[in-house]
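One structure is given here, and the rest of the page talks about it.
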Amino acid sequence: MDFISDLSGNMTEYVCILLPQIYHEDLLIVEKVQKQMRDYQWLLLLLSEHFSAAKIMDYYVPLLGAFRHDLMVLLVTLLACVNTLTSLIKWVMPANRPYWWVHESDDNYKIFLHQYRGSCETTGAFPSSHCIAMVTFSYVLIFQIEWRHKWSSTFRTFVRVLLVVLVSILVALSRIYLATQFASHCLLTGLLLIGVIMLYERHANIFYSLSQLKAVLITCCLSLLPVFVYFSMKRVGLDPHWSVRMAFKWCIDPEYMRHEDSSIFILGRDFGYLMGVMMSMPLRGSHERRIKMKRFPLIFALEILNYYARLETPKTYGRVAFVAYEFLRNATHSFTLLTILPKITTKPRVEYYFFRAILPHYK
Ligand SMILES: O=P(O)(O)OC[C@H]1O[C@@H](O)[C@H](O)[C@@H](O)[C@@H]1O
């Protein structure tokens, strides 16, 4: 009992005293970044606009998959996991964005933050979806693509880490410049991502060996969590769509707000993408297949179809239809990339299956 009251006391102290202090410092950072990086505005706006989680999943990963099947498998699975985790945390955690907090806080800040078209986000702030998706994407590219260079392996690793850190700083600066993220949120997002990637690398073999039934069941159980949180929030009198309300209240022009970026929509999107991955299980050894034909035209046609399917998202038939459609579209998308496409375009390495048959531990 003592422990619980201590914990709730510490939490109250954190939320009421420490958090506003941290956010105050953070707001000063946003103001400074907006003033000092004005000359690079074009680059920072471009990064946020063209490297969102949705664009990475819908454009860049399939494009890469046209040439490297192994990288596509790794990216689709890893992005499915990190994006779903991000949407879940966003749904549970009521973290403010700088351009909301500057008005909502009781402190009368004399701070002015600029807003741009891309500032009108409708999800909670933490963790930053852009940082998670973009850093995961660049991490896989930078670490998996081989270099024919005579550098020592330690120096090569150092350069790779440096490149990932550079990308992370750029994306974080872009989010801060738009007043959508606090620096502290970006930092915590980075730490969270490091933890998730380490966990993923350690348990990737178990994950890729999951049977389809087990994997689908795990996803179904996980998807109950947001439903549980929704009803719990309602029960204690909180609004599950609080972030949309905030965006409506403080966005310079509500026309800038996008339906497809609301918390409930990205939950449908990311759980759908994850479901497609889980339906493709077990994935172990799937990247060992040899491509037997050029895949670019096929992937291009698939992505055009996906693009038009996204434009047709039903926005006027209520939330259920909207989320269900997005769930199905994304499940079909990742399932096609991981299961249907390889069936059409690759043939298994005969020698691989031969050696696996006689040597069970052959990799
Ligand atoms: O969390 P961030 O980086 O501010 O991004 C906000 C939103 O940006 C959108 O563009 C993404 O599609 C969403 O997934 C994301 O939630």
Side-chain angles (χ1 to χ4, degrees), residues 26 30 33 44-61 79-101 113 115-138 167-193 196 226 240-244 246-247 250-251 256-274 306-307 310-311 313 315 322-323 326-327 329-330 333-334:
D26 266 331
V30 178
V33 169
L44 300 175
L45 297 191
L46 189 127
L47 271 176
S48 274
E49 173 69 25
H50 294 290
F51 291 93
S52 64
K55 287 200 172 151
I56 289 177
M57 287 191 291
D58 286 345
Y59 303 146
Y60 308 129
V61 172
L79 280 172
C81 295
V82 291
N83 285 342
T84 311
L85 181 72
T86 306
S87 317
L88 267 177
I89 303 179
K90 273 185 188 290
W91 183 242
V92 176
M93 212 147 108
N96 275 282
R97 293 188 182 270
Y99 79 92
W100 304 342
W101 181 256
L113 301 185
Q115 276 191 45
Y116 304 86
R117 180 178 269 270
S119 304
C120 287
E121 297 291 2
T122 43
T123 53
F126 180 78
S128 164
S129 187
H130 279 77
C131 292
I132 292 263
M134 184 55 192
V135 177
T136 306
F137 183 72
S138 53
V167 173
S168 318
I169 293 177
L170 265 179
V171 188
L173 273 178
S174 155
R175 302 309 289 155
I176 295 171
Y177 189 85
L178 277 140
T180 53
Q181 291 289 351
F182 290 118
S184 58
H185 286 163
C186 295
L187 200 67
L188 281 180
T189 301
L191 295 179
L192 175 77
L193 189 58
V196 174
H241 303 292
W242 69 276
S243 55
V244 180
M246 281 292 177
W250 300 120
C251 179
Y256 291 168
M257 287 171 53
R258 289 154 301 197
H259 272 62
E260 51 273 34
D261 286 337
S262 60
S263 308
I264 196 144
F265 185 95
I266 64 164
L267 270 172
R269 177 193 78 188
D270 295 336
F271 266 100
Y273 203 74
L274 183 69
N306 184 39
Y307 174 77
R310 198 174 60 243
L311 290 189
T313 306
K315 294 182 181 169
F322 180 58
V323 176
E326 200 43 22
F327 178 89
R329 182 181 71 79
N330 279 284
H333 188 206
S334 55

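We count ligands from 1, going down the list as the structure has it; atoms in each ligand are counted the same way.
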Plane angle bin for F322 and F265 - parallel if under 30°, tilted between 30 and 60°, otherwise perpendicular: tilted
Subset of ligand 1 atoms that lie under 4.0 Å from at least one heavy atom of P127: 1 (O)
Residue pair T122, R258: steps toward the side-chain hydrogen bond (donor to acceptor under 3.5 Å, both in side chains) verdict: CA-CA 8 Å; T122 43; R258 289 154 301 197; over 6 Å; no
Contact (N/O only, under 3.5 Å) between R258 and ligand 1: no
Element-labelled atoms of ligand 1 that are located less than 4.0 Å from some non-hydrogen atom of S52: 10 (O)
Atom indices of ligand 1, in the order listed, that fall short of 4.0 Å to a heavy atom of T123: 6 (C), 16 (O)
F182 and F126 aromatic centres sub-6.0 Å: no
Interatomic distance, L192 atom CG to T86 atom OG1 [nearest 0.5 angstrom]: 7.0 Å
Closest approach of any protein heavy atom to atom 7 (C) of ligand 1, naming residue and atom: E121 OE1, 3.4 Å
Distance-only N or O hit between ligand 1 and K90, under 3.5 Å: yes
Atoms of ligand 1, numbered as shown, that sit under 4.0 Å from any heavy atom of S128: 1 (O), 2 (P), 3 (O)
Gamma sulfurs of C131 and C186 within less than 2.5 Å: no
Proximal ligand 1 atoms for R175, defined as those under 4.0 Å from one of its heavy atoms: 2 (P), 3 (O), 4 (O), 5 (O), 6 (C)
Pairing residues for R117 by the salt bridge (charged side-chain N to carboxylate O under 4.0 Å, His left out) criterion, not counting sequence neighbours: none
